[in-house]
Amino acid sequence: MALKLEDQLGYNLNRTAMLFRRELGRSLKPFGAMTPEQWQTMNTLWESPDGLSPSEIRDITLQDLPSISRMVKRMEEHGWVERLADPEDRRSFRIKLTAKGMKLEKEVPDRLQSHFQSILGSLSKKEGQDLLSSLKKLRTALGDEYS
């Protein structure tokens with residue numbers, strides 16, 4: 001007998017991801033309707049003083065290069081990033097934060113923490129740590145190089 005849909009891992013992971021993405025979008029709305037992919041990129045740029053190439057952004061966000069190009073264009077329009085020539089490869093460029101983008105590092109994580117605190121508060125600290133550990137293991141098993 002087949003498992004009920006609500007008892008299947010894939011269904012629960014996918015549905016949880018969709019619901020979490022919806023909440024992430026709501027939480028990011030005050031920042032010019034920043035998307036979850038833009039947030040991932042910004043978060044990585046805060047840790048990457050030399051910026052990122054479009055290929056590196058592709059590996060982080062799992063988007064195709066045309067989508068990344070459109071996303072970066074919107075991020076430039078918001079004044080969060082700029083494109084600079086890659087000093088090691090004249091044919092390429094790197095995406096770097098502007099002063100406005102760097103300033104968001106102080107605001108966005110606090111907003112997300114506050115927004116998700118009530119949602120994730122239903123888990124004990126140990127349950128939260130176990131969930132994160134299990135998700136990282138699953139990402140590794142699925143071949144995620146950023147896990």
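The first residue in the sequence is number 1, and the count goes up from there.
Hydrophobic clustering places Val72 together with Leu65 (ILVMFWY residues linked when any side-chain heavy atoms are closer than 4.5 Å, directly or through intermediates). Taken together through direct or relayed side-chain contacts under 4.5 Å among Ile, Leu, Val, Met, Phe, Trp and Tyr, Leu135 and Leu9 form part of one hydrophobic cluster. One hydrophobic cluster, built from ILVMFWY side chains closer than 4.5 Å, cannot hold both Leu131 and Leu120; they sit in different ones. Under the 4.5 Å side-chain heavy-atom criterion for ILVMFWY residues, no single connected hydrophobic cluster contains both Leu5 and Met18.
For the pair Arg22/Leu19, a side-chain contact is recorded, criterion being any heavy-atom separation below 4.5 Å from C-beta on. Residues Ser53 and Phe93 form no side-chain contact, since every pair of their non-hydrogen atoms from C-beta on lies 4.5 Å or further apart. Residues Met42 and Met75 form a side-chain contact, since some pair of their non-hydrogen atoms from C-beta on lies under 4.5 Å apart. For the pair Leu13 and Leu138, the minimum side-chain heavy-atom distance is below 4.5 Å.
Between the side chains of Arg111 and Ser114, no donor N or O sits under 3.5 Å from an acceptor N or O.
Taking CD1 of Ile68 as the reference point, atom OG of Ser55 lies at 7.5 Å (rounded to 0.5 Å). Going from atom CD of Glu6 over to atom CG of Leu3 covers 10.5 Å, rounded to the nearest 0.5 Å. Rounded to the nearest 0.5 angstrom, Leu62 CG and Glu37 CD are separated by 9.5 Å. For the atom pair CE (Met34) and OG1 (Thr41), the distance works out to 10.0 Å, reported to the nearest 0.5 Å.
For Glu77, the salt bridge (Lys or Arg N to Asp or Glu O under 4.0 Å) criterion is met by Lys73, not counting sequence neighbours.
Applying the salt bridge (charged side-chain N to carboxylate O under 4.0 Å, His left out) definition to pairs two or more places apart or across chains, those involving residues 118-132 are Lys126-Asp130. Within the structure, every pair that satisfies the ring-ring contact (aromatic ring centres under 6.0 Å, His included) test and touches residues 6-55, not counting sequence neighbours, is listed here: Phe20-Phe116. Every pair passing salt bridge (charged side-chain N to carboxylate O under 4.0 Å, His left out) that includes a residue from residues 48-68 is listed here, sequence neighbours excluded: Glu56-Arg94.
A donor-acceptor contact shorter than 3.5 Å is absent between the side chain of Ser27 and the backbone of Glu23. At distances below 3.5 Å, not a single donor-acceptor pair connects side-chain atoms of Ser133 with backbone N or O atoms of Gln129. Checking side-chain atoms of Ser67 against main-chain N and O of Gln63 turns up no donor-acceptor pair under 3.5 Å. At distances below 3.5 Å, at least one donor-acceptor pair connects side-chain atoms of Gln38 with backbone N or O atoms of Thr35.
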Distance-only donor-acceptor pairs under 3.5 Å for side chains of residues 79-88, two or more places apart:
residue	atom	partner	partner atom	Å
Arg83	NE	Glu76	OE1	3.0
Arg83	NE	Glu76	OE2	3.3
Arg83	NH2	Glu76	OE1	3.4
Asp86	OD1	Glu88	N	2.9

Report, one line per pair, each donor and acceptor closer than 3.5 Å where one atom sits in a side chain of residues 101-108; sequence neighbours left out.
none

side-chain contact (heavy atoms from CB on, under 4.5 Å) evaluation trace for Arg139 with Glu145: CA-CA 8 Å; Arg139 285 178 42 216; Glu145 59 191 69; over 6 Å; no
Show the numbers, then the answer: is there a side-chain contact (heavy atoms from CB on, under 4.5 Å) between Leu28 and Leu112? CA-CA 8 Å; Leu28 294 169; Leu112 293 177; 3.9 Å; yes
Carefully, step by step, assess Ile57 and Met71 under the rule side-chain contact (heavy atoms from CB on, under 4.5 Å). CA-CA 10 Å; Ile57 294 172; Met71 177 187 70; 3.7 Å; yes
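Nearest heavy-atom pair across Leu45 and Ile95 is CD2-O, 3.2 Å.
More than 12 non-hydrogen atoms from other residues, nucleotides or ligands lie less than 6.0 angstrom from CD of Gln8.
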